[in-house]
*Asks:* 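Have a look at the structure that comes next, please.
Note on naming: letters A, B, ... go to the chains in the order of the sequence lines (proteins, then strands), and numbering restarts at 1 for each one. Just so it is clear, the values below take in all heavy atoms, side chains as well, and ignore hydrogens, waters and symmetry mates.
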Amino acid sequence: MYRHLEGRLTQHVRDFLRRTYDLELPRIVIEQPPRVELGEYALPLAFELAKKLRKSPRKIAEEIVAGLGAVPGFEKFELAGAGYINAHVKREELASALAADEKPRAQVPPGKILVEHTSINPNKAAHIGHLRNAILGDTFVRLLQFAGRDVDVQNYIDNTGVQVADVVVGFLHIEKKSREEIEQVTRQPRFDYYCWDLYARVSQWYEQNKENRTARHQVLHAIGEGGNETAAIADVISIMVLRRHLMTMDRLGIEAFAKLKESGVLYLETEGKNKGCWVMKRAGASVGEGEQLSEEDQKVIVRSNGTVGYVGKDIAYHLWKFGLLGRDFGYRKFYHYPRGHDCWISTTVGALDHPHFGGVEEIYNVIDARQAEAQNSVIEALRALGYNRQADHYTHFSYEMVALTPRCAAELGYQLSEEDKARSYIEVSGRKGFGVKADDLIDSLIASAKKEVDDRHAAVAEPERLSIATQIAVGALRYFMLKFTKSSVIAFDFKEALSFEGETGPYAQYAVVRAGNIFRKGGMEPDQFTGEEIDFSKYFSGEGGNEIWELWLASSKTSYIIDQCIATAEPAYLAKHAFQLAQQFNYFYHRYPILSEPDEERKKFLLTTVAVVRRELIRALAVMGISVPPVM
RNA sequence: GCGCCCUUAGCUCAGUUGGAUAGAGCGUCUGGCUACGAACCAGAAGGUCGGGAGUUCGAAUCUCUCAGGGCGCACCA
C-alpha cells in the first residue's frame with residue numbers, strides 16, 4: 001500500500017512540474033519524515049529546483065503545495081523547514097485498505113529469471129560460508145517470487161574439477177580403498193563429514209611430498225577422459241556428497257534444481273608463458289590501439305592440452321542460461337523434496353519429459369566476492385560475442401565470506417598463531433578442514449532451542465517440541481545470515497549465532513506468537529478482523545493516535561521494502577524491517593491492554609491492528625524462509 | 001605492483017537514490033512478571049562517523065588524498 005501511494009505521489013508531482021515549469025526530472029526523490037506527525041512522505045525537491053528556477057526553496061515549495069491540487073489518498077501537503085514538502089496521507093483510507101488486505105496491482109516485467117546459488121564443490125561437507133550463500137540465494141528467490149516473477153533456481157556443480165579429484169586421491173592413495181569399499185563408505189549417514197576430514201588429509205599429504213601431487217594429475221586426467229574405474233569412483237563420491245548438500249539445505253527449506261557440469265573472443269597465444277593456450281583479455285584490463293596484451297592481462301580459457309578451464313566452462317554455461325548455446329542437456333529427476341517438488345539434474349541421456357530449463361531473460365549468480373574477477377570475465381566474454389543485452393541482465397550477486405572469530409576458532413580446538421589471535425576474523429579453509437560444518441551448526445541450534453522449549457512447555461508432546469525447536473533454530477540461523485549486508489564479512493561466533501534474544505529471528509517469531517495468543521485467549525480468529533464497520537478516523541488523531549498509526553504505517557510497507565531489496569539485490573533490508581515491525585508491535589503490546597479494553601468498538605480496532613501486524617510480519621518472515629511456531 | 005571491498009558507541013552492525021536531532025542489538029548499570037506468556041518492556045551511560053582537503057544550500061553518504069585492515073590478481077574453481 002505504501003509503495004502504491006508513493007507511486008501515485010510521484011506521478012502527480014511529475015505532472016505538476018511539467019505543467020507549471022515545463023520541467024522533466026529523471027528522478028523524484030521521496031523520503032520519509034523523521035516523525036509521523038510530519039507526514040508519511042517528504043519531498044526535498046524544492047532544494048533541487050532552487051537553482052534551476054532561480055527562486056528560494058521555500059518559495060518553490062509554497063508554489064508546489066498550492067498548485068499540486070488534490071491527490072487521491074492524500075489529506076494535505078505541508079511546507080516544512082527550509083523547503084521540505086511533507087505529504088500526509090488519509091490515514092483512515094490507508095488503514096481500511098490494509099485491514100481488508102487490498103493489493104493494488106503492480107507491474108511485473110515479463111520473462112523468466114534464473115538464480116544460481118549454493119553451487120558447492122561436491123567433495124566435502126557444506127560449511128557456514130555455504131549456508132550464507134544458500135540462504136541469501138533462496139531468500140532472493142522468494143523476494144522475486146513475492147514480486148510476481150517467474151524464477152528458476154540452479155545449483156551448479158563441477159564434478160570434474162581438482163577438488164573432487166583430491167578426495168578420490170585420498171580414497172585411492174592414502175586409504176587404498178577399492179571401489180566396493182568406497183561405495184560402502186558413501187552409504188554412511190554423513191558421508192560428507194568423512195570427505196571433510198579426508199580432504200584435509202590429502203592436502204597434508206601433498207605438503208609432505210611434492211611428488212604426491214602427480215597422483216592428482218593422474219586422477220584429474222582419468223576423470224576428464226571418463227569411462228574408467230577412477231571416473232566412476234569420482235562420480236559416486238560427488239553424487240553422494242551432492243545429495244548430502246541437498247539434504248542439508250532441505251533442513252532450512254531451501255530447494256534448487258541441480259545441474260552438473262560435464263565437461264572468438266579468444267586467440268591462440270604463440271609466445272611466452274601462455275604459449276599454446278587460447279586466451280582472452282582479463283576483465284578490467286585496458287589495452288591501447290595496436291598494443292600487445294601483456295601476459296598478466298591474459299586469462300587462459302582453453303589450456304594447451306585442449307581441456308577447458310573454469311571461465312571457459314562458465315562462458316558456455318551462461319550462453320546456455322540465456323538460450324544462446326543452441327543445444328540443451330538431458331535431465332533426470334534426482335532428489336524429491338518433502339514439500340512435493342522435484343530436483344532435476346542434467347545428464348547426457350535424460351528423461352524425455354522434463355520442464356524447460358534455461359533460455360531466461362535475467363540471471364543472478366550468488367557467488368562470493370572473491371570470484372568477482374572471474375564473473376566479470378564471463379560478462380566481458382558475453383559482450384565481446386555481441387550479447388550486450390544479456391550482459392546487462394547478468395548480475396553477480398556478490399557477498400562477503402563468513403569467517404571465524406579467533407575465539408570461535410580456539411573453541412573448535414585450532415592452534416592459532418599470535419598473529420591470528422590479533423585479527424578480528426580468520427578465513428575458513430576447506431583445504432585445512434578449518435571451519436564450522438553446516439549440519440553441526442544446525443544441530444546445535446536445534447539442541448539449544450529444544451532446551452528452551454522443554455523448559456517452557458513441558459506439557460507439549462515431545463515430537464511437537466522438537467518441531468517447534470526446529471522452526472526456531474531455522475529462524476535464528478536464517479535471520480542471522482540475512483541481518484548483515486552482503487558487503488560485510490561475518491565474523492562467526494557461536495554465542496552470537498545461538499542467541500535467541502534481541503535482533504534475532506526468534507524475536508520476530510515471538511512477536512507473531514504473542515499476537516496469535518491474544519486471539520487464542522479471546523477465542524477469536526485473526527481473519528475475522530478485516531476492518532469493516534470501523535471508523536478509523538477516531539483512532540488516528542492526537543498523541544496516542546500517532547503512536548498506533550506508526551504501527552499501521554510500518555505494516556503497510558512490506559511490498560515497498562521488498563521492491564527495494566530486489567532493486568538493490570540486498571535482502572538485509574527486509575530482515576531489518578521485520579525486526580523493526582516486531583519491535584514496534586512489542587511496544588504496542590505492552591502499552592495497550594487489548595482483551596480487557598472496555599470500549600467494544602475500540603477493542604475491535606485494537607484487535608484489527610494486531611491482526612494486520614501479525615499478517616504482515618508472517619509475510620515478511622515467510623519471504624526470508626522463516627516460519628512461525630504455534631507456541632514459543 | 002594492479003584491481004575490488006571495508007573503517008560509524010566498549011563489542012557486532014544499520015544508516016537504500018546526498019536531506020530534518022547519526023540509530024539498533026549485545027554488553028554494563030537501574031527498574032518492571034498473580035500473564036493478551038519476561039525468548040519481552042522501560043530508563044541511564046556510551047559518538048572528533050579512521051585523518052585531512054574539496055564539491056554542495058546541505059556530506060557518515062559524492063570526489064581527491066593519506067593511514068589501517070581484508071580479498072583477489074594460476075594452463076584451481
*Asks:* From the options B:G70, B:G25, B:A77, select the nucleotide whose nearest atom is closest to the side chain of A:Phe579.
*Replies:* B:G25
*Asks:* If the C1' atom of B:C75 is compared with that of B:U63, how far apart are they to the nearest Å?
*Replies:* 41 Å
*Asks:* How far does the P atom of B:G52 sit from the matching atom of B:C57, given to the nearest Å?
*Replies:* 23 Å
*Asks:* Less than 4.0 angstrom between a side-chain N/O of A:Tyr573 and OP1 or OP2 of B:G15, yes or no?
*Replies:* yes
*Asks:* If you check every side-chain atom of A:Arg27, which of B:G18, B:C41, B:C71 has the closest atom?
*Replies:* B:G18
*Asks:* Quote, to the nearest angstrom, the C1' distance that separates B:C71 from B:G31.
*Replies:* 47 Å
*Asks:* Classify the nucleic acid contact of A:Arg514 as base, sugar-phosphate or nothing, counting any heavy atom under 4.0 Å across all strands shown.
*Replies:* sugar-phosphate
*Asks:* Considering just the side-chain nitrogens and oxygens of A:Arg423, establish if one lies under 4.0 Å of OP1 or OP2 belonging to B:G70.
*Replies:* yes
*Asks:* Supply the atom-to-atom distance A:Asn121 CG to A:His130 NE2, rounded to the nearest 0.5 angstrom.
*Replies:* 7.5 Å
*Asks:* For the residue pair A:Glu597 / A:Tyr592, report whether a side-chain donor-acceptor contact shorter than 3.5 Å exists.
*Replies:* no
*Asks:* Taking only the C1' atom of each, what is the distance from B:G3 to B:A45 in whole angstrom?
*Replies:* 44 Å
*Asks:* From the options B:C5, B:A39, B:C41, select the nucleotide whose nearest atom is closest to the side chain of A:Glu400.
*Replies:* B:C5
*Asks:* Given B:G37, is OP1 or OP2 found less than 4.0 Å from the side-chain N or O atoms of A:Lys521?
*Replies:* yes
*Asks:* RNA chain B: A:Ser499 or A:Thr485, which has the more 5' nearest nucleotide?
*Replies:* A:Thr485
*Asks:* Can you tell me how the ring of A:Phe484 sits relative to the ring of A:Phe480, calling it parallel under 30°, perpendicular over 60° and tilted otherwise?
*Replies:* perpendicular
*Asks:* Please pick, from B:U16, B:G15, B:C41, the nucleotide with the shortest atom-to-atom distance to any side-chain atom of A:Tyr507.
*Replies:* B:C41
*Asks:* Within this structure, what is the CZ-to-P distance between A:Arg431 and B:A74, rounded to whole angstrom?
*Replies:* 15 Å
*Asks:* Would you say A:Asn517 reaches B:G37's phosphate, i.e. side-chain N/O to OP1/OP2 under 4.0 Å?
*Replies:* yes
*Asks:* Which part of the nucleic acid, if any, lies within reach of A:Gln509 when heavy atoms closer than 4.0 Å are counted: base, sugar-phosphate only, or nothing?
*Replies:* nothing
*Asks:* Do the ring centers of A:Tyr41 and A:Tyr2 come within less than 6.0 Å of each other?
*Replies:* yes
